[in-house]
Amino acid sequence: MENNNAPKHQYFYAVGLSYKKADAETRGKFSLDAASKTKVLQQAQAEGIESLIVTSTCNRTEIYGFAEHPFQLIKLICENSQGSVENFQKVGFVYKNQEAINHMFRVGTGLDSQILGDFEIISQLKNSFKEAKSYGLINTFVDRLINAVIQASKKIKNETEISTGATSVSFASVQYIIRNVENIGNKNILLFGTGKIGRNTCENLVKHTKNEHITLINRTKNKAEKLAGKLNLIVKDYSELHLELQKADVVVVATGAQNPTVDKAILNLKKPLLILDLSIPKNVNENVKEIEGVTLIHMDHLSQITDDTLERRKTHIPAAEAIIEDIKLEFNIWMNGRKHAPIIHALKAKFNDIKENELNFQRKKFSNFDEAQAELISNRIIQKITNHFASHLKNESTSLDESIEWIEKVFQIGLSTPPKMTTSIVEEKYGIHLS
């Protein structure tokens, strides 16, 4: 009889989508603002998910966590964003166990960033980790993994030149402005939105353009005033946005709004205007391009800009990957040491059950059965066999998850049962295929 109370076998997954397959519009549909990320964590908690980190940036929306099936995590993204399961199937990814671990290392160290060496993602992962921890959604495995990724990120930043020069979306936007706007030092620049990207862009503008005509606008004015005080800039009320747009030569939009905040209806222009939209979802309506003299540039275009700095960074990728491999090896040794223990204990218990059944049979069969001697020999054989299995599982070349599954099947050890929602059920319910 199937034991419905047996613990379910869970795997570590990374699911999500990024700039690699999803354009800015699609990423916008799957983006999760602060409130949505909180809802994901609360829903995960209610559904009994053991450990989970959710992050959503301009370049990616991803969940790292434990589940019986990846659809449990995909569902969390889709139900709390404007994205659909069908669209996720087209642009999303699913990584399992070691592949998921590898992915987190590459993301956290800037190797998977839209602009190589952009280390802003590691602080976003740290914040996501802290929020998940506040909901009790961080187990020992994820705690150790995120700290290993942070360690790798710090070491790569300190020991390689892959992050030399502040190349990021904000830096690339300023480089674009400098290259495409003549006499930039005397132009009127409007920065709308003072979140992290907005702040970084503002600091780069001040540093590299020497412009003294930069105006800040933010929905929450005191945030703009705090930044302006540090950089000696002008702050205007949100209600004056439409007026400041008419004065500007360059507009940088970096807000966190879920819908466009700038469109052609509020533009009454008498001169050319360059607009850079650094927001996800997009915060500038495409219809502004219908106005003569307006140039609209989105971050996906900026990420394609290559220069000598980025080319030099590529030469440091092997050194960065070597650091990742060293730290990942330490993590995997720790993980395998923890992971193989339950199956070895279960295997030993299984052998002891077999031993007891056989000894009971022999007691009944032979009147002069030497129980003590049989017990001693049996225990020594069990120990030697389990030692062989333990050595196999500890070997670096062993595929641990496959070996554990094989041992469970062969010896019928009830550490796990099939997932509640199999791929076939997902296909039947949603009419799609999830690999």
Side-chain angles (χ1 to χ4, degrees), residues 19 24 57-59 110 113-124 157 160-218 223-236 244-245 247-256 262 271-280 283-284 294-316:
Y19 68 93
T57 72
C58 55
N59 291 330
S113 294
Q114 194 168 23
I115 296 179
L116 178 65
D118 184 350
F119 275 86
E120 290 180 6
I121 185 65
I122 193 64
S123 62
Q124 291 157 341
K157 197 168 187 179
T160 76
E161 295 180 25
I162 204 165
S163 61
T164 303
T167 302
S168 61
V169 170
S170 55
F171 179 77
S173 66
V174 174
Q175 292 300 303
Y176 182 89
I177 293 169
I178 291 171
R179 292 173 183 174
N180 291 275
V181 180
E182 291 183 7
N183 199 22
I184 186 61
N186 295 320
K187 299 295 185 181
N188 293 323
I189 301 176
L190 172 63
L191 179 68
F192 177 33
T194 57
K196 184 159 187 179
I197 289 179
R199 292 195 306 272
N200 290 346
T201 303
C202 189
E203 290 169 359
N204 279 312
L205 281 169
V206 172
K207 180 179 178 181
H208 297 288
T209 68
K210 310 300 181 186
N211 189 298
E212 297 180 357
H213 310 279
I214 301 175
T215 301
L216 304 182
I217 292 180
N218 195 63
K223 290 184 179 179
E225 288 174 334
K226 188 175 180 181
L227 178 61
K230 294 178 182 178
L231 303 173
N232 194 27
L233 305 176
I234 303 164
V235 175
K236 294 289 185 177
E244 293 302 318
L245 285 168
K247 299 177 187 176
D249 298 294
V250 177
V251 176
V252 178
V253 181
T255 73
V262 176
K271 57 181 177 179
L273 178 63
L274 170 64
I275 304 176
L276 281 74
D277 187 358
L278 309 185
S279 311
I280 291 290
N283 274 197
V284 180
V294 172
T295 301
L296 174 62
I297 300 296
H298 197 269
M299 64 166 59
D300 281 1
H301 177 81
L302 295 172
S303 68
Q304 296 167 9
I305 299 172
T306 58
D307 58 19
D308 293 340
T309 300
L310 285 175
E311 290 305 314
R312 284 196 300 273
R313 286 183 174 200
K314 290 179 183 178
T315 65
H316 298 285

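All values derive from a computational prediction rather than experimental measurement.
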Please give me the minimum heavy-atom distance between [X] and [Y], naming the atom from each residue.
X: L216; Y: C202; result: CD2-SG, 3.8 Å
X: G198; Y: L191; result: O-CD2, 3.3 Å
X: R313; Y: E161; result: CG-O, 4.1 Å
X: K187; Y: N183; result: CG-O, 3.5 Å
X: S279; Y: A254; result: OG-CA, 3.5 Å
X: K247; Y: N188; result: O-ND2, 3.3 Å

Would you say N232 has more than 12 foreign heavy atoms packed within less than 6.0 Å of its CG?
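At most 12 heavy atoms, drawn from other residues, nucleotides or ligands, come within 6.0 Å of this atom.
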
Look at atom CD of E225 and say whether more than 12 heavy atoms of other residues, nucleotides or ligands are closer to it than 6.0 Å.
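Yes.
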
Quick check for you: to the nearest 0.5 Å, what is the distance between [X] atom [atom1] and [Y] atom [atom2]?
X: N204; Y: S173; atom1: CG; atom2: OG; value: 7.0 Å
X: L205; Y: I184; atom1: CG; atom2: CD1; value: 7.5 Å
X: I197; Y: E120; atom1: CD1; atom2: CD; value: 6.0 Å
X: F192; Y: D277; atom1: CZ; atom2: CG; value: 10.5 Å
X: L231; Y: E203; atom1: CG; atom2: CD; value: 6.0 Å
X: N186; Y: T209; atom1: CG; atom2: OG1; value: 10.0 Å

Side chain to side chain, [X] and [Y], heavy atoms closer than 4.5 Å:
X: K207; Y: V174; result: no
X: T57; Y: Q114; result: no
X: N59; Y: M299; result: yes
X: L274; Y: D249; result: no
X: I280; Y: H298; result: yes
X: V253; Y: V251; result: yes

Could you please spell out the steps behind the side-chain contact (heavy atoms from CB on, under 4.5 Å) verdict for N180 and T295?
CA-CA 11 Å; N180 291 275; T295 301; over 6 Å; no

Does any N or O in the side chain of N218 come within less than 3.5 Å of the main-chain N or O of K223, such that one atom is a donor and the other an acceptor?
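Such a contact is absent between N218 side chain and K223 backbone.
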
Of L273, N211, I275, I189, the residue whose pairing with V250 passes side chain to side chain contact (heavy atoms under 4.5 Å, CB included):
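Of the listed options, the one satisfying the test is I189.
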
Go through the steps for L233 and L227 under the test side-chain contact (heavy atoms from CB on, under 4.5 Å), then give the verdict.
CA-CA 8 Å; L233 305 176; L227 178 61; 5.6 Å; no

side-chain contact (heavy atoms from CB on, under 4.5 Å) between S113 and I121: does it pass, once the steps are laid out?
CA-CA 8 Å; S113 294; I121 185 65; 4.3 Å; yes

